[in-house]
Amino acid sequence: MLRDYLWQRDYLLRISRAMTSQLDLRAVLRTILESATELVGGQVGLIALAQSDGSYQIFASYGLSPKMIPLVQPLFSNLPDAAGSLDPLLWTIPDLERRLSLVGRAIGMPFRQVVALPMNIHDVVVGVIYVLRQEDSAFTTADRRVLSSFAAYAAIAVHNARLYQEVTSEKRRLDAIIENSGDGVMILDAAERITVFNLALTRMTGIPAEEAIGRHCSEVLHLRDLSDREIPELTCPLARCQSGERFYAEGDYVRYDDIRITLGITYSPLLDLEGQLLNIIANVRDITHFREAEEIKSTFISVISHELKTPVALIKGYASTIRREDAHWDEKTVRESMAVIEEEGDRLTRLIDNLLDASRLQAGQLKLDMADVRMDRMASRIADEFRTQTDRHTFELDFEDPFPHVSGDQERLRQVLSNLISNAIKYSPQGGQIVISGRYDDERLYIAVTDQGIGIPAGERSRIFDRFYRVESALSRRTQGAGLGLFLAKSVVEAHGGQIWVSSKPGQGSTFVFTLPRAP
């Protein structure tokens, strides 16, 4: 009796070690089954787990070759649905002896005794454990009690494995949500070290996750305000999060490629049951475009109010002067005054047309009236018009001859070329030569406007084609314009399937080049 007890204890100890050292459910169940079968003197052992449809699937076997497993299926058909609150020792399977006989004949092994016990978790049958004997000696109540202990271990193993599977699946699902989130997600531990750094945040900052994880957040996201001062609460949010406070702040981040972006970060603390900080979850959004939109709005109001106010004031002033009843103006003065009014009226018309075009472009409603266009002839006519407007500049045309025609909207392309030449005049106040040139290859035409003006700083070149953007300089502040010309030029060129760019050296002039597809 003592020896049997010691054997059982050793078997259970071995099973306990297997359950704590292995996560493979099949391996644990095989260890349990092997121990149980040997301890009660059986030759074959089986464990079948309940499926969601009520059927049972063999999950572990002992003493049978894999090809024999399908032959023992009669043992698992139409099993009781639940053990209820009954003692597992009283649980029975209908016609078990008859089933045993069928299985024995099918696999060619004369089984004479079988015992089957449910594996219960919270009064729910999660599986069944079987032990089969070839001897005539029946399973005793003691055997059944021993097997019941093993069944309980097996049920716990199954329950733990399913819990682990649920936790693992939930973690994978959460990891996938975080990794594929459109917003940046960063998770910090209680020491402000980064433990999670998702793909969206990598795209924003240019920092790979493997370089960020494990480092202090201040080493990775050192954010600054508009005055380029570091923002401590964004760099180190621990102090505010320890109190359980959730807060939002904004700051600028300079990427490795010197691009400055604006980030909005919401920090949320995760506390344990005792109120101690476990993690800090940072939800990060790139709000650069929102800030740019606000800046464009402010610039729009400022520029447009200035551009509208000047011609309106001139028109009103000249009109009021001419209609004064106490003054008598000669014909020349009246003619000059009316010319100013007409010129300022044209200026207002151009501004309104540009604003309407910008709105249409924004809405994707710019329509092109396509026809054959000769850009060399157009350039010659425009140059002749501008020669009458300036005596400080000379114009040179340098087009390959013959120059191919393009398929395009003549008025829109004229607008592009006129704008580039007008800018060349504006931003070369000391005068100089303006060259309008044209080259082509098998696929494209290249039109260039080169001046000898003030040039464009390197940091400004990427933005000069934005709406309402004007290069910051004393000259630009004195020069009329709403910052729409280059934006419209770029949009028209791209609508024709072309590209536009600029090369420039401060103090040495600029060259604007745009391409157009050759007509077939």
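Just so you know, these numbers come straight off a predicted model, no measurement behind them.
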Reported CZ-to-CD1 distance for the pair R215 and I194, which is rounded to 0.5 angstrom: 7.5 Å
Test item: V416 and V493 side chains (from C-beta on) under 4.5 Å apart, heavy atoms: yes
Inter-residue atom distance S169.OG - R162.CZ, 0.5 Å rounding: 13.0 Å
I207 and T202, any side-chain heavy atoms less than 4.5 Å apart: no
Gap separating the CG atom of D252 from the CD1 atom of I261, nearest 0.5 angstrom: 9.0 Å
Pairs where residues 496-520 contributes a residue and the test salt bridge (Lys or Arg N to Asp or Glu O under 4.0 Å) is met, not counting sequence neighbours: none
T195 side chain to D189 side chain, donor-acceptor N/O pair below 3.5 angstrom: no
Minimum heavy-atom distance Y56-A48, with the two atoms named: CD2-O, 3.9 Å
R246 CZ: over 12 foreign heavy atoms closer than 6.0 Å: no
Set of residues satisfying ring pair (Phe, Tyr, Trp, His ring centres under 6.0 Å) with respect to F76, sequence neighbours excluded: Y130
Atom pair CG/CG of L49 and L29 - distance to nearest 0.5 Å: 6.0 Å
Given L221, V196, I213, I265, the one that forms side-chain contact (heavy atoms from CB on, under 4.5 Å) with M186: L221
E400 atom CD, neighbour heavy-atom count above 12 within 6.0 Å: yes
From L163 atom CG to I156 atom CD1, the distance as rounded to the nearest 0.5 Å: 11.5 Å
Side-chain touch I287/E250, heavy atoms, less than 4.5 angstrom: yes
Criterion side chain to side chain donor-acceptor pair (under 3.5 Å) on S510 and D451, from CA distance to verdict: CA-CA 6 Å; S510 304; D451 63 57; 4.5 Å; no
T450 and F512, any side-chain heavy atoms less than 4.5 Å apart: no
Sidechain-backbone polar pair: S428 side chain, G453 backbone, donor-acceptor under 3.5 Å: no
Polar side-chain atom of R255 near backbone of M204 as donor-acceptor pair, under 3.5 Å: yes
Flag if over 12 foreign heavy atoms under 6.0 Å of CD, Q499: no
Set of residues satisfying ring pair (Phe, Tyr, Trp, His ring centres under 6.0 Å) with respect to Y253, sequence neighbours excluded: H222
D398 (side chain) donor-acceptor with S437 (main chain) under 3.5 angstrom: no
Nearest non-hydrogen partners of G408 and V373, listed with the distance: O-CG2, 3.6 Å
Side-chain donor/acceptor of H496 to backbone N/O of D409, under 3.5 Å: yes
Residues in salt bridge (Lys or Arg N to Asp or Glu O under 4.0 Å) contact with R172, at least two apart in sequence or another chain: none
Backbone of L188 reached by a side-chain donor or acceptor of N279 within 3.5 Å: yes
Atom pair CD/CD of E192 and E219 - distance to nearest 0.5 Å: 11.0 Å
Side chains of T288 and D286, donor plus acceptor under 3.5 Å: yes
Over all atoms of both residues, closest heavy-atom pair of A383 and I436: CB-CD1, 4.1 Å
E443, CD: over 12 other non-hydrogen atoms inside 6.0 angstrom: no
Partner set under salt bridge (Lys or Arg N to Asp or Glu O under 4.0 Å) for E494, not counting sequence neighbours: K490
Any residue meeting side-chain hydrogen bond (donor to acceptor under 3.5 Å, both in side chains) with E179, in chain and number order, not counting sequence neighbours: none
N180 side chain vs A176 backbone, donor-acceptor pair below 3.5 Å: yes
Test log, rule side-chain contact (heavy atoms from CB on, under 4.5 Å), inputs V158 and M119: CA-CA 9 Å; V158 171; M119 295 156 46; 3.8 Å; yes
Full working for side-chain contact (heavy atoms from CB on, under 4.5 Å) between I421 and I382: CA-CA 9 Å; I421 298 173; I382 296 174; 3.6 Å; yes
Worked check of side-chain contact (heavy atoms from CB on, under 4.5 Å) between I47 and R30: CA-CA 8 Å; I47 289 179; R30 278 196 300 269; over 6 Å; no
Residues forming a salt bridge (Lys or Arg N to Asp or Glu O under 4.0 Å) with E411, sequence neighbours excluded: none
Counterpart residues, side-chain hydrogen bond (donor to acceptor under 3.5 Å, both in side chains), relative to E385 (two or more places apart): R414
Residue pair L263 / R285, side-chain heavy-atom distance below 4.5 Å: no
Residue pair P506 / P457: nearest heavy atoms and the distance that separates them: CG-CA, 4.1 Å
Set of ring pair (Phe, Tyr, Trp, His ring centres under 6.0 Å) partners for F403, sequence neighbours left out: F399, Y440
For S55, side-chain hydrogen bond (donor to acceptor under 3.5 Å, both in side chains) partners two or more places apart: D53
Audit row: T205, V220, side-chain contact (heavy atoms from CB on, under 4.5 Å) steps and yes/no: CA-CA 9 Å; T205 63; V220 178; 5.9 Å; no
Side chain S181, main chain D183, donor-acceptor under 3.5 Å: yes
pair L417-I447: side-chain heavy atoms closer than 4.5 Å: yes
Taking every non-hydrogen atom, the tightest pair across G184 and N198: CA-OD1, 3.4 Å
Heavy-atom side-chain contact between L174 and K171 under 4.5 Å: no
Side chain S407, main chain A519, donor-acceptor under 3.5 Å: no
Heavy-atom pair with the smallest gap, counting every atom of A200 and G182: CB-O, 3.8 Å
Residues that R26 engages under salt bridge (Lys or Arg N to Asp or Glu O under 4.0 Å), provided they are two or more places apart: none
L270 vs L277 side-chain heavy atoms within contact, under 4.5 Å: no
side-chain hydrogen bond (donor to acceptor under 3.5 Å, both in side chains) partners for N283, two or more places apart: none
